[in-house]
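Proteins come first, then strands; the chains are lettered A, B, ... in the order of their sequence lines, and each starts at number 1. Heavy-atom basis, side chains included; hydrogens, waters and symmetry copies ignored.
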Amino acid sequence: MNLTKPKYIRRVSTVVAVLLALPLQLGIFTGLYMWLSPFAMLNSLFLLKSMVWLNILGWSILLVSFFRNRWFCRYMCPVGLGCDSFSKWGKHSRAFVKKIPRLGRWLALLSLAAALTGIPFFILLDPLSVFNGFFAAFASDISLAVIVSFIGLPVLLIIHLFLPGIWCGKLCPLGGLFDELSTWRKWIAKTLLKKKNISTEQNVGRRMFIASGTGLLAGVFIPSLLHAERKQFFRPPASLRGNLFNTLCVRCGSCIKACPSDIIIHHSGKKNLTAWMTPEISFENKGYCLEDCNLCGTVCPTGSISPFTLNAKKKLFIGSINIRLEDCLLSDFKECDRCKSVCSYDAIQIVASQNIMMKPLADLNKCVGCGACAAVCPTETISMIPLKKTTSSEEVSQNTYEFF
Amino acid sequence: MKRRDFVTRIIVAGSALSMGVSCGRKIEGDQQETPAPLSEATEPQRTITEPAREIPVIAETDVLVIGGGPAGVAAAIAASRAGAETYLVERYNHLGGLWTGGLVLPLLSTHAVDKQKRRKQVIYGLGGEMAQRLFDMEMAIHEVNPIIDPEAGKYILDEMIVESGVKMLYHSWGVNAIMEGNTIKGVFIESKSGRQAVLAKVVIDCTGDGDVFHWAGDSYETMNYHIGLVHRLGNIDRIDKNKPGYKKMPLGQPTPIPSVNWVNMHGLNDQDGIDMQNLSQLQLQYRKEIWESVERIKKVPGHENVFLLDTASQMGVRMSRIVEGEYKLTLEDTMTFKQFDDVIGISGAWTSMLYKGNKVLAYERPLWQIPYRSLLPKKTENLLVAGRCFCFEQALVEDTRIIGTCLITGHGAGAAAAIAANDRVTVREIDRQKLRKTLEEQNVWFG
């Protein structure tokens, strides 16, 4: 096969992207491709106002794209490759598409501005997020949420059979971000270096003004509309609380792939519609959150799950414990101390309940809800319950994040 | 246009200022608190020097077993059957220790799962023989993890000791090791007859608390754990369930005698089993609580005839000293079918565990081998350790402290001691092939 160089690079990077997107246990490399998206990175940065060292990947893409517009789209983006191929096969005219305004840069600006004040809007339209969403479906049981996530990429590709080039050129917020950057570069060159001969689009200022203004206002007002009480479920440790999580999470499934005990699953959206496909911890199959694991926080590209140290697990609460003494072996004078012996947080003591009768007693200040005791319990005595307290997004900065 | 540009710049600048981006959002834990130094063990203020005295040597033997619990009985019988002259010293008036007098009636972990995932009996040898005798007498119930009758247990253990020709002494405590350098030469014992000495080629420490290796100066770790006191209830078959106001009460588990239940007590955690002050305190407290508990049961309609049959003759110390041996058996060994060249027996499991993040149910747990090296203390020569104080990591405590495992380690130690005495070598140097052969001849199962 005679492959020209760009095509060759694109195919290699697509294969790598597919490999990293598949639900394989690759430890820290899980979901590495998602880290390359500067759009997701900037949204997370604007919202959380903090960075981690893996963001270097996003920054380097941003830097390269600043000087070489759409370099990422051309060589690395797996969605870009797919869209281009389908556009060619479709053999439709581009005349109609050319009339469509470039919405991508509007989406990008709006989203980033809204992220600054509280809610990243279009982070789910990130092409890598769409790409990962497709593969995330392979790790889950079929549900409506999975199907919604799954059809994103195929629908996008099929559209390209009829409307060639519509995504990359017109809609993609990541592409839009790159375009915007390049416009800025030209503007900088023009204003600072006084190079009069470079033409810039006239509407830089207007777009900035309208998009960012709308975004900022939306970021302030929309979160208050989303604050309905919903059924609680378990989140991975160090997760953002409430709707902030749902808006920032790109549903890439990295945490689900990384989790060594397979307790993180895609949320079906039944308990909370806005949380569809976000990670949820399920204690159903008798796994628990390992005391010596912090992979979900490490691999999360957006910071929905913050990176945390193993030492910090002691205060990162997942859920709480519920003990039904009537089923406990100790209530029947049988020998058992499994819950106490497996607790890594020293939260369970076996104490006297009534003279010689013993019972397990949990210290709720120490119990982080890892589920080890519920997993090992020979009877159905111990179960985990979600944290009752709902934390609003204003409290997040105090509770979940520590700024250094 | 000017004004809009101005506003835009204000927005951009304001946003940039409000960002205050910080690098690193990792959530750190608290600094590890340095544990407060443990207070020094309180030594008695006043001491007194005991005058040196001549101690009569009441016996010179090949193998001396200190402690007549499940491990000690198995060790003594195995050594005697392997052709060594054997002497057994027991502090109470019965054999079987916690199994019989201590009322810990279940012979736990007789079964485990093999590599083909079949659950099968793993405890044969002397443990199997004892169980079989009890079944023949109809003094054991349940095929898996049988529960025995304590008096029948005492009876058959006496019978087996006499049959195998072991010399033994009841009502006598081992009190000190007789050492020659690093080699143990015998043990001082104490009773109503006064202080006496028993000399032996090999000593087996079956004290449970590791008294002998403690005297011999070997290194060990101590583990504080739950201490309870088991009791039995009588007239269980005379409970009238049809009486108005009847309520189901927790009455423990059935025993081979239909009218009798045994009631386990988990007891308080973090208790020191070798601190007699503490043990006495617990004894007083538990006996009172058991009495009150039975009184409460009797007040419930239908339970009027229930009575407290007995409390155990000794406190249920689950764990105390653990010797530093030549090999430390780990939880991983027991979960992965680890093979040892010097295996002395195979034990089973009775409780569910978490292993590498997965729940392993009691009836899914693999059988596991015990190596001879785990019975060998690091320092002392000619001393073997059997019973709950042999060398293992603390995560394994639930599987090593139970009756079945004690029977296995006791059997292995007894056979090894006999070989060392017969071949005139130290226990460290014995022929491991010969040990395996001897154990196989004595019906120990090796999978």
Side-chain angles (χ1 to χ4, degrees), chain A residues 45-46 48-53 55 113 116 205-206 208-209 212-213 216 238 260-261 286-288 290 293 297 303 306-316 330-338 340-342 349-352 354-358 372 375-378 400-404, chain B residues 1 4-5 7-9 11-12 15 18-32 104 106 108 225-226 228-231 250-253 261-270 286 288-290 292-293 296 350-354 356-362 395 397-398 402:
Chain A
L45 182 66
F46 281 21
L48 302 173
K49 299 169 181 64
S50 61
M51 284 193 293
V52 293
W53 63 270
N55 283 136
L116 207 55
R206 196 177 68 185
M208 270 302 288
F209 179 68
S212 54
L216 287 170
S261 45
K286 292 290 175 194
Y288 73 103
L290 299 176
C293 169
S306 173
F308 55 92
T309 62
L310 292 178
N311 202 14
K313 279 200 110 169
K314 273 181 262 176
K315 51 179 187 179
L316 295 172
L330 290 172
S331 301
D332 200 17
F333 290 118
K334 284 185 175 160
E335 181 87 1
C336 186
D337 69 339
R338 302 292 76 210
K340 192 205 89 192
S341 73
V342 298
Q349 289 301 319
I350 292 183
V351 298
Q354 196 180 48
N355 278 6
I356 57 171
M357 181 91 77
M358 307 297 286
V376 79
C377 181
T400 321
Y401 283 87
E402 286 176 9
F403 298 100
F404 297 106
Chain B
M1 196 61 92
R4 193 161 63 203
D5 271 355
V7 174
T8 309
R9 272 171 209 164
I11 291 175
V12 172
S15 312
S18 76
M19 292 271 296
V21 171
S22 61
C23 283
R25 56 165 170 258
K26 199 164 200 171
I27 302 177
E28 307 276 346
D30 297 329
Q31 285 299 306
Q32 284 283 335
V104 185
L108 280 185
Y225 208 40
H226 293 275
L229 182 67
V230 189
H231 68 275
L251 296 167
Q253 274 72 51
N261 266 17
W262 74 285
V263 187
N264 186 35
M265 187 204 286
H266 209 73
L268 300 175
N269 191 19
D270 203 23
Y286 286 167
K288 182 170 180 284
E289 286 180 0
I290 289 169
E292 286 166 1
S293 155
R296 205 168 41 242
W350 64 279
T351 185
S352 45
M353 284 269 187
L354 280 187
K356 295 202 167 158
N358 292 316
K359 179 186 192 178
V360 189
L361 289 164
V397 58
E398 288 300 315
I402 51 173

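- When each of B/Gly252, B/Ala362, B/Gly267 is scored by its heavy-atom pairs under 4.5 Å with chain A, the top score falls to B/Gly267.
- When all heavy atoms are compared, the tightest approach of A/Phe308 to A/Ser306 is CD2-O, 3.2 Å.
- Only the side chain of B/Gln253 comes within contact range of chain A, judged by heavy atoms closer than 4.5 Å.
- Minimum heavy-atom separation, A/Ile356 to B/Tyr286: CG2-O, 4.4 Å.
- Taking both residues in full, the closest heavy atoms of B/Ser352 and B/Leu361 are given as CB-CA, 3.8 Å, listed atom of the first, atom of the second, then distance.
- Top candidate by heavy-atom pairs under 4.5 Å with chain B, chosen from A/Ala375, A/Ser331, A/Ser261, is A/Ala375.
- Minimum heavy-atom separation, B/Leu251 to B/Val263: O-CG2, 3.7 Å.
- For a residue to count as touching a neighbouring chain, one of its non-hydrogen atoms must lie under 4.5 Å from one of that chain's; by this rule A/Val342 touches chain B with the side chain only.
- The CG atom of B/Leu268 lies 14.0 Å from the OH atom of B/Tyr225; values are rounded to the nearest 0.5 Å.
- Using a 4.5 Å cut-off between heavy atoms, A/Lys340 contacts chain B through its side chain alone, with no backbone atom that close.
- By number of non-hydrogen pairs under 4.5 angstrom with chain A, the leading residue of B/Lys356, B/Lys288, B/Met353, B/Arg296 is B/Arg296.
- Contacts between B/Trp262 and chain A at a heavy-atom distance below 4.5 Å are absent for every atom of the residue.
- The two residues A/Leu48 and A/Gly303 have their closest heavy-atom pair at CD1-O, 3.6 Å.
- With respect to chain B, the highest number of heavy-atom pairs below 4.5 Å among A/Asp337, A/Leu310, A/Leu290, A/Val351 belongs to A/Asp337.
- Only the backbone of A/Cys336 comes within less than 4.5 Å of a heavy atom in chain B; its side chain stays farther off.
- For the pair B/Glu289 and B/Leu229, the minimum side-chain heavy-atom distance is 4.5 Å or more.
- Heavy atoms of A/Ala372 lying under 4.5 Å from chain B belong to its backbone as well as its side chain.
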